[in-house]
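Reviewing the structure listed below.
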There are 2 protein chains.
Amino acid sequence: MTRQRAQGRTGIESRSIRRLFREKGIVFTTQREQVLRAVIEAGKHIDAEELHRRLSASRQRVGLATVYRTLQMLREHGLVAESQFGERRHRYEQAEGRHHDHLVCLACGKVQEFEEPAIEQLQERAARRHGFAALSHRLELYGYCRACGRRNTP
Amino acid sequence: MTRQRAQGRTGIESRSIRRLFREKGIVFTTQREQVLRAVIEAGKHIDAEELHRRLSASRQRVGLATVYRTLQMLREHGLVAESQFGERRHRYEQAEGRHHDHLVCLACGKVQEFEEPAIEQLQERAARRHGFAALSHRLELYGYCRACGRRNTP
DNA sequence: CGCTGCCTGAGAATGATTCTCACTCTCTAT
DNA sequence: ATAGAGAGTGAGAATCATTCTCAGGCAGCG
Ligand SMILES: [Mn+2]
Ligand SMILES: [Mn+2]
Ligand SMILES: [Zn+2]
Ligand SMILES: [Zn+2]
């Protein structure tokens, strides 16, 4: 079995995921490695079904139940972030260092990311005012992206 | 059939809902009236199933499908607001004039409302910066309420 | 009062996610 | 390396909130 030599731009090698899992106390399995790798390569906001489809096509086959289980586990370990965007299914992305929120276009479905540190601060302040200890949050703005806004209200 | 005389504290009478519907171009039916009335009386964050149960118990029976259809319709007309709070089912509340966001306790499930006009402004600004025309948003903070926070981290 | 067309309700259908359980694999300790 | 214990996997069934279907019922308008 010829093994691909260079993994390419992601730079994430099997050994490093193995190490990552060990550090986090996560049992290593090829399925888990493949799921995490696929999430990272997918880029942004992929759903479980699509992830499963891509894995079945290009890599080792991984059961859909395992995809779900693994995503949940990775989320609990802070390696993956889950969002919903007003659809029925959840979407996943790699949880990188920086937190961000989302602008969801109601016309074309595009999801744009943004950061606004001042909002995060005010959230924290608002929470404290109510004696609430915030661990996480979700902020989504729904409306029309630049392209769709121009099309609808010229 | 003896009819209840005074509707009590809500102050919303049949005639006024009829008028409200007419003004909005909504066809009046007793089912729709009952659903809206039940949402208002429920107070906060009730789900469709519970609404259906209460209607079946105390008022006229309304089919579950009709409850869902009506909630969706009322939402489109801005009379009802929908949220999700990380659960599977949606929750509904009367859409009153003032907008608010939510603090969701991960321990006891309590949902507290808060307003922070400065956040709303910053959201608008962030959206504009990306050429995005925001129509609505959802902001939820997840963590521990005062009572649960004290219990867990004394 | 009598159409016309929207509204309703019971049950079936849908669809994303979770569960089940027999089997397999990882990890750790020999 | 090897074996045993326990955690992970996968196919399919189950769950369950929500939507769909369609036959029968009302609302609104003349
Ligand atoms: Mn994102
Ligand atoms: Mn609320
Ligand atoms: Zn768009
Ligand atoms: Zn609490």
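Sequence lines set the chain letters: A, B, ... in the order given, protein chains first and strands last, and positions in each chain run from 1.
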Compare side-chain N and O positions of [X] against OP1 and OP2 of [N] and report whether any pair is under 4.0 Å apart.
X	N	answer
A:Gln31	C:dT24	no
A:His90	C:dA16	no
A:Thr29	D:dT9	yes
A:Arg91	C:dA16	no
B:Tyr68	D:dT18	yes
B:Arg32	D:dA27	no

| Which one, D:dC20, D:dG12, C:dC6, comes nearest to the side chain of B:Val27? | C:dC6
| remark: Of C:dT18, C:dT8, C:dC27, the nucleotide closest to the side chain of B:Thr66 is C:dT8
Donor-acceptor pair, side chain of [X] and main chain of [Y], under 3.5 angstrom:
X	Y	result
B:Lys110	B:Val104	no
B:Thr66	B:Val62	no
A:Gln84	A:Arg88	yes
A:His102	A:Leu139	no
B:Arg61	B:Leu55	no

| remark: Computed from five pairs at either end and rounded to 10 degrees, the angle between the axes of the helix from C:dC1-D:dG30 to C:dT30-D:dA1 is 40°
Under 4.0 Å between a side-chain nitrogen and a carboxylate oxygen: does that hold for [X] and [Y]?
X	Y	value
B:Glu33	B:Arg37	yes
B:Glu41	B:Arg54	no
B:Glu49	B:Arg89	no
B:Glu96	B:Lys44	yes

| Considering heavy-atom distances to DNA chain D, does A:Arg61 or B:Thr30 have its closest nucleotide positioned more toward the 5' end? | A:Arg61
| Toward the 5' end of DNA chain D, which comes first, A:Val67 or B:Gln84, by nearest nucleotide? | A:Val67
| query | Contacts to DNA chain C from residues 46-57 of chain A, heavy-atom cutoff under 4.0 Å, which residues? | reply | none
Round to a whole Å and report the spacing from [atom1] of [X] to [atom2] of [N].
X	N	atom1	atom2	value
A:Glu33	D:dT9	CD	P	12 Å
A:Phe21	C:dC27	CZ	C1'	15 Å
A:Leu74	D:dG8	CG	P	12 Å
A:Gln60	C:dC25	CD	P	10 Å

| said: Students often get this wrong, so: under 4.0 angstrom with heavy atoms, is A:Arg89 touching a base, only sugar-phosphate, or nothing? | reply: sugar-phosphate
| task | Check every strand shown and say whether A:Arg69 touches a base, only sugar-phosphate, or nothing at a heavy-atom separation below 4.0 Å. | result | base
| field | Nearest-nucleotide 5' precedence on DNA chain C, B:Arg88 against B:Leu64 | value | B:Leu64
| remark: Per side chain to side chain contact (heavy atoms under 4.5 Å, CB included), A:Glu82 is matched among A:Glu93, A:Arg91, A:Arg75 by A:Arg75
